[in-house]
Amino acid sequence: MRSLPAADPGTPDARSPFRYLRWVARKQAGSLLVGITYAIVWWLAMALVPVTMGKGIDAIRARDMSALITWGAALFGLGVVQAVTGTLRHRMAVYNWLNAAYRTVQVTVRQSTRLGATLPKRMSTGEVVSIGNSDIAHIGNAMDILLRGIGAIVAIVVVTIIMIGTSLPLGLTVLIGVPLMTVAVAPLLRPLHRRQHAYRDLQGDLSTRAADIVAGLRVLRGIGGEQVFADRYTAESQKVRHAGVRVASAESTLEGAQILLPGLLIAGVTWLAATFAIRDQITIGQLVSFYGYAAFLIAPLRTLTEAADKLTKGHVAARRVIRILDLEPEVQGGSGESGGGLLRDVASGVAVRPGVFTAVVAAVPEEGIAIADRLGRYSDGDVDFGDVPLDTLPIAEVRRRILVADNDAKLFAGVLRDELDITGQASAQDIADALYTACAEDIVDALPDGLDGHVAEAGREFSGGQQQRLRLARALTADPEVLILIEPTSAVDAHSEARIADRLVKARAGRTTLVCTTSPLVLDRTDYVIYVRDGVVQAQGTHRKLLATEPAYTAVVTRGAEAGAEA
């Protein structure tokens with residue numbers, strides 16, 4: 001598996017959405033400061049246009065050509081500054097958006113990799129998928145709006161100071177009106193925050209439902225349950241739609257407030273300025289300036305309410321990210337060392353001898369899977385590897401030396417060769433040998449580009465039996481010190497199963513291998529069989545010996561053979 005980009009090697013030490021957003025901002029502080037600088041200059045260039053126009057109008061009334069040329073040139077210069085800084089500001093806004101969004105992708109993917117088998121047990125697929133679908137956009141928007149938001153605040157302050165310097169009542173009107181508008185908008189944010197949170201949760205649940213239906217579509221069609229699940233999906237999607245309408249209702253109210261409240265303030269400022277102009281308390285040029293300020297203030301005030309909306313959405317999105325970052329792996333590693341040897345699960349009594357091809361037959365399949373998980377350190381347990389407890393070894397070393405391959409393992413999109421050789425260290429012959437052992441050569445031969453062919457998401461172009469054989473080939477290509485296979489031939493026909501069993505025993509000769517299965521075709525070719533019932537070893541020996549001496553074992557194997565024949 002290739003490593004992730006090294007843009008950010010750390011994981012945020014954040015336990016709240018606000019702290020996470022602050023961490024993201026701190027990580028890209030340089031680009032944010034550059035973008036904020038551009039935004040401030042851009043806003044100020046616009047803010048100074050009304051006063052420049054007012055001065056020019058006063059120069060016309062005074063018939064002062066020199067002043068008119070000066071203020072005309074200043075107006076032209078402000079236009080140039082607006083064009084340049086506006087372009088640069090937008091460029092930095094997009095850069096910061098992408099930086100925040102994909103930084104979030106990186107930290108969540110790193111955390112998902114760190115959690116490993118813990119993640120699907122603690123969070124649904126939909127919750128994880130929704131981060132990449134929508135939450136990264138809202139976190140990116142939260143960083144983007146900081147640029148225009150801070151610039152808007154500076155522009156409002158500068159305009160207020162200019163207005164106070166020109167007319168104290170008008171300046172105070174703006175100075176008091178802006179905070180009042182902010183306070184008036186605040187009550188609209190709480191219901192929006194609540195509805196957005198509920199909508200995100202429902203969206204995640206629906207994504208999980210969709211993923212489950214797609215994954216099991218073939219089975220659903222086989223048992224006639226396709227319509228039932230389609231109806232359930234329809235019902236749940238309607239819940240999401242209604243939640244989305246409630247979010248849209250709150251957002252529309254906020255959008256209306258963004259127009260109404262600044263409009264009322266502008267109308268008041270314009271009326272006061274016109275009154276003062278009639279009384280000769282301000283000049284005509286100043287009246288035009290005040291009208292320009294009133295019109296200009298719509299943009300920064302609207303930006304502030306937009307900032308409140310986007311920061312709220314970013315807060316909701318960050319909460320989901322924090323939900324993943326708060327998780328800890330169920331198992332932790334140590335710093336010990338082991339020279340290998342006997343791999344023994346103390347709780348069940350299962351002992352896998354080095355260099356022996358061993359099978360575990362469990363009366364209840366879940367018991368065999370639980371033993372495999374403990375032996376592979378995917379769940380806690382008292383397991384010894386040689387003369388060293390397995391939990392004292394680093395997790396990375398355990399994963400390198402002990403490989404557990406089950407039928408839940410996924411095929412990822414990409415080139416088939418890379419899919420089989422996950423370490424990138426196997427030779428062409430190693431891959432060919434693994435494909436031969438897994439009887440998967442015909443799968444590669446059927447692809448137009450062979451090993452260079454492209455695998456679709458989850459290997460959906462392959463049948464269940466083909467996917468199982470490719471997963472087995474991938475496990476064999478890795479060539480671990482200890483290989484643990486869970487029902488590696490359950491989806492193939494009897495003829496292929498017999499061939500795979502013969503080849504697998506030969507390929508793993510002299511290396512430690514454990515197969516959890518009830519298939520007589522596989523069991524008859526193993527060196528040693530361990531029978532487990534109620535989570536404890538009941539008998540062990542060769543397959544034929546157990547058939548002759550253990551009726552309970554015979555019943556389990558016979559039942560497994562009948563199930564395989566039906567499949």
Side-chain angles (χ1 to χ4, degrees), residues 29-97 143-168 170-175 177-178 262-263 265-266 269-270 272-274 276-277 281-304 306-307:
S31 59
L32 278 176
L33 288 174
V34 172
I36 289 171
T37 301
Y38 287 144
I40 290 174
V41 175
W42 178 65
W43 278 114
L44 289 179
M46 287 191 289
L48 294 176
V49 167
V51 68
T52 306
M53 290 182 62
K55 294 292 186 181
I57 290 172
D58 286 339
I60 292 174
R61 293 195 64 192
R63 300 180 183 277
D64 186 346
M65 184 58 66
S66 176
L68 178 60
I69 293 174
T70 300
W71 291 113
L75 188 61
F76 176 78
L78 290 174
V80 173
V81 171
Q82 283 184 57
V84 174
T85 57
T87 301
L88 295 174
R89 179 205 61 79
H90 180 70
R91 183 181 180 87
M92 292 308 301
V94 173
Y95 177 84
N96 282 291
W97 189 99
M143 296 299 109
D144 169 27
I145 199 63
L146 286 178
L147 278 62
R148 287 184 291 128
I150 294 176
I153 293 173
V154 173
I156 291 172
V157 170
V158 170
V159 167
T160 303
I161 292 173
I162 294 174
M163 294 177 73
I164 288 176
T166 305
S167 172
L168 182 61
L170 289 172
L172 291 177
T173 300
V174 176
L175 187 62
V178 171
L265 179 61
I266 290 166
V269 171
T270 303
L272 281 177
F276 291 161
Q281 293 178 313
I282 58 175
T283 66
I284 298 299
Q286 290 173 331
L287 171 61
V288 173
S289 295
F290 276 111
Y291 178 79
Y293 287 136
F296 164 77
L297 284 174
I298 293 178
L301 293 175
R302 187 179 177 87
T303 297
L304 291 183
E306 181 187 353

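Sorted by first then second residue, the side-chain hydrogen bond (donor to acceptor under 3.5 Å, both in side chains) pairs that include residues 60-71, not counting sequence neighbours, number zero. Pairs engaging residues 146-165 under the side-chain hydrogen bond (donor to acceptor under 3.5 Å, both in side chains) rule: R148-E306 [sequence neighbours left out].
Across D58 and Q286, no two heavy atoms sit closer than the pair OD2-N, 4.2 Å. What you find for A155 and F296 is that their closest heavy atoms are CB-CZ, 4.0 Å. Summarising the geometry of V81 relative to T85, their closest heavy-atom pair is O-OG1, 2.5 Å, with the distance given to 0.1 Å. Listed here is the closest heavy atom pair of I36 and I150: CD1-CD1, 3.4 Å.
Within the model, atoms CG of L147 and OG1 of T37 stand 9.0 Å from one another, a figure rounded to the nearest 0.5 Å. L78 contributes atom CG, which lies 11.0 Å from atom CZ of F76 (distance to the nearest 0.5 angstrom). Within the model, atoms CE of M92 and CG of L33 stand 9.5 Å from one another, a figure rounded to the nearest 0.5 Å.
Residues L304 and I156 have side chains in contact (heavy-atom distance under 4.5 Å, counting atoms from C-beta outward).
Counting only distance, with no hydrogens or angles, the side chain of S289 and the backbone of P50 share a donor-acceptor pair below 3.5 Å.
Every residue two or more places apart in sequence or in another chain that forms a side-chain hydrogen bond (donor to acceptor under 3.5 Å, both in side chains) with W97 is listed here: N141.
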